2 protein chains.
Amino acid sequence: MVSSAIKPPETFFHSKLFRGLGNDELALLAGICQRRRLPTGEQLFRQYSPAQHVYVVVSGTLMIERLSRSGRRQVIAFAYPGDYIGFTNTDDYEYSVVCLREAELQTFPRRDFLQLVDRFPTLKTNARQIGGNVLAQTLDQLFALGQKKAHERLCFLLAQIGRRQCGTQTTDIELIMSRQDIADYLGLTIETVSRAFARLKTMGIIEIISAHRIHVLDRSVLEELASVH
Amino acid sequence: MVSSAIKPPETFFHSKLFRGLGNDELALLAGICQRRRLPTGEQLFRQYSPAQHVYVVVSGTLMIERLSRSGRRQVIAFAYPGDYIGFTNTDDYEYSVVCLREAELQTFPRRDFLQLVDRFPTLKTNARQIGGNVLAQTLDQLFALGQKKAHERLCFLLAQIGRRQCGTQTTDIELIMSRQDIADYLGLTIETVSRAFARLKTMGIIEIISAHRIHVLDRSVLEELASVH
DNA sequence: CGGGGTATTGAGACAAATCAACCTTGGTGG
DNA sequence: CCACCAAGGTTGATTTGTCTCAATACCCCG
């Protein structure tokens with residue numbers, strides 16, 4: 001069977017991970033790739049379990065979280081289509097991943113995937129870049145938690161979701177996660193998150209269509225609050 | 001010239017990075033390794049500058065920090081002997097590094113180093129593990145900033161330094177960094193840091209020998225406050 | 001023995017957590 | 001179709017924790 005006989009799924013081309021790869025390389029990746037459907041509420045994997053797979057989100061939304069023994073939780077990130085999960089360098093996952101909205105994932109056995117990364121310089125570059133982005137985004141979050149006030153942290157989240165959610169710069173934001181999830185992401189309580197929403201509304205920056213739908217009225221101010229301080 | 005003719009410096013053997021490597025491999029690493037002395041207060045490299053080197057701390061202490069345009073600062077980490085700096089996946093450094101106490105470093109040109117990483121599986125495993133540890137430690141800090149009170153965050157730092165600083169479990173901690181550095185690391189102000197010290201003292205957990213020297217009286221409580229919550 | 005930078009302590013202002021009540025919404029069964 | 005219920009979200013009152021501003025203490029160095 002010639003490699004070009006396997007047509008890689010279309011979504012391959014939309015992912016940074018596969019940018020610049022030749023057809024042969026894509027075909028090999030397609031060969032070790034499986035699809036997985038994950039219903040809302042299900043766990044993809046659990047913290048401390050062996051890191052056996054690497055994932056690319058095709059559709060849906062997931063939440064990356066870390067739990068302490070006492071049950072306190074820190075949400076690390078929300079994963080949207082095109083995002084990567086499990087690009088960890090450790091043998092065990094550092095976090096749990098749970099599905100917020102029915103998701104479809106490309107799954108690659110980690111061992112096989114790393115072998116291909118070794119063989120294809122372009123893939124290696126891409127994978128490195130992704131790993132770097134994960135750290136960069138975590139450092140941004142660290143900055144937000146260390147330096148910002150409640151409503152600024154919320155802007156940080158809204159700006160982030162606005163960027164991630166679909167390509168075009170939309171002013172309409174859908175919040176798939178609960179207030180508790182947002183609170184645990186930003187290091188706040190649900191009440192403070194709620195008040196932060198109210199504050200942004202009275203500041204004229206957002207409009208609250210419903211609890212899970214926000215309309216951004218002034219993107220520049222939002223970005224301003226989200227970033228510099 | 002046979003490879004064994006180049007004797008790798010002794011410190012090579014003390015670093016996780018070089019664990020399990022053969023003499024030939026060590027010799028090649030020694031070939032691209034240079035020593036660099038960095039005086040107190042000097043910068044090792046600046047945020048956004050191209051990532052040209054990878055470093056291993058041999059002696060001294062350094063501080064990894066990130067600055068926003070408005071001048072606000074987030075301290076990311078403190079680096080002690082045996083720690084690694086610049087194991088970034090991005091082409092530019094995400095942070096600045098400044099020397100807190102006269103340091104000696106092993107420096108490797110990043111390009112050459114990555115080539116050797118590709119050639120030596122053991123080295124690759126080690127490097128991956130180090131990268132993973134960096135992320136894990138950042139996630140711990142994220143958790144601390146998101147979930148903990150001032151005196152708990154301070155315990156987090158003290159426990160961390162206690163672990164890093166020399167091998168044996170010492171109860172004597174030297175704080176090389178200033179109160180401002182600690183504050184910017186923990187996302188607090190210097191006054192709150194000072195009060196947190198006072199609180200831990202009245203709780204009977206530490207003894208304050210001087211501003212930069214702490215004696216740990218109850219390590220178990222310290223660790224407890226540092227971790228679980 | 002000053003003197004300047006650094007750290008501590010105190011008082012008041014402010015932000016966020018906590019506790020409690022109320023409101024919204026979406027689903028269910030009468 | 002509507003009343004009811006439960007879960008999630010909002011709002012209010014109070015407490016707690018941290019920041020801010022100001023004064024004072026400490027210590028290292030000349």
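Values below: all heavy atoms of this structure, side chains included; hydrogens, waters and symmetry mates excluded. We name chains A, B, ... by the order of the sequence lines, and we start the count at 1 in each one. The model shown is predicted, which means the values in this text are computed figures rather than measured ones.
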*In whole angstrom, give the distance that lies between atom CG of L188(B) and atom C1' of dT16(D).*
15 Å

_Spacing of R179(B) atom CZ relative to dT8(C) atom C1', expressed in whole Å_ = 9 Å

_Need one value for S210(B): base, sugar-phosphate or nothing, where a base atom within 4.0 Å counts as base even if backbone is also close, heavy atoms only._
nothing

*Exam field: side chain K148(A) to backbone S227(A), donor-acceptor pair closer than 3.5 Å*: yes

*Y185(B) ring centre to R73(B) NZ or CZ under 6.0 Å, with the angle to the axis within 45°?*
no

*Starting from P on dG17(D), measure out to CD on E152(B) and report it in whole angstrom.*
10 Å

_In whole Å, I'd like the distance from the CD atom of Q180(A) to the P atom of dT10(D)._
13 Å

*Shortest side-chain distance from K149(B), nucleotide among dA7(C), dT18(D), dG9(D)*: dT18(D)

*When the ring planes of F113(B) and F108(B) are compared, do they come out parallel, tilted or perpendicular, using 30° and 60° as the limits?*
tilted

*Round to the nearest Å and state the distance from H212(A) atom NE2 to dG26(C) atom P.*
10 Å

*base_contact_polar (dG17(D) base, R195(B) side chain, donor-acceptor, <3.5 Å)*: no

*Should we count CZ of R213(B) as having more than 12 external heavy atoms under 6.0 Å?*
yes

*May I have the distance from L100(B) (atom CG) to dT6(C) (atom P), rounded to whole angstrom?*
13 Å

*Which nucleotide sits closest to the side chain of A211(A): dT11(D), dT8(C), dG9(D)?*
dG9(D)

*Between T192(B) and dT18(D), does any side-chain N or O lie under 4.0 Å from OP1 or OP2?*
no

*Does the side chain of T189(B) get closer than 4.0 angstrom to OP1 or OP2 of dT18(D) through an N or O atom?*
no

_Whole-Å gap separating P (dT18(D)) and CG (L154(B))_ = 11 Å

*Let me know, please, whether A150(A) or E191(B) comes out on the 5' side of the other along DNA chain C by nearest nucleotide.*
E191(B)

*Would you kindly check if the NZ (Lys) or CZ (Arg) of R110(B) is within the cone defined by 45 degrees around the ring axis of Y55(B) and under 6.0 Å from the six-membered ring centre?*
no

*For the pair made of CD1 in I208(A) and P in dG9(D), what is the distance, rounded to whole Å?*
13 Å

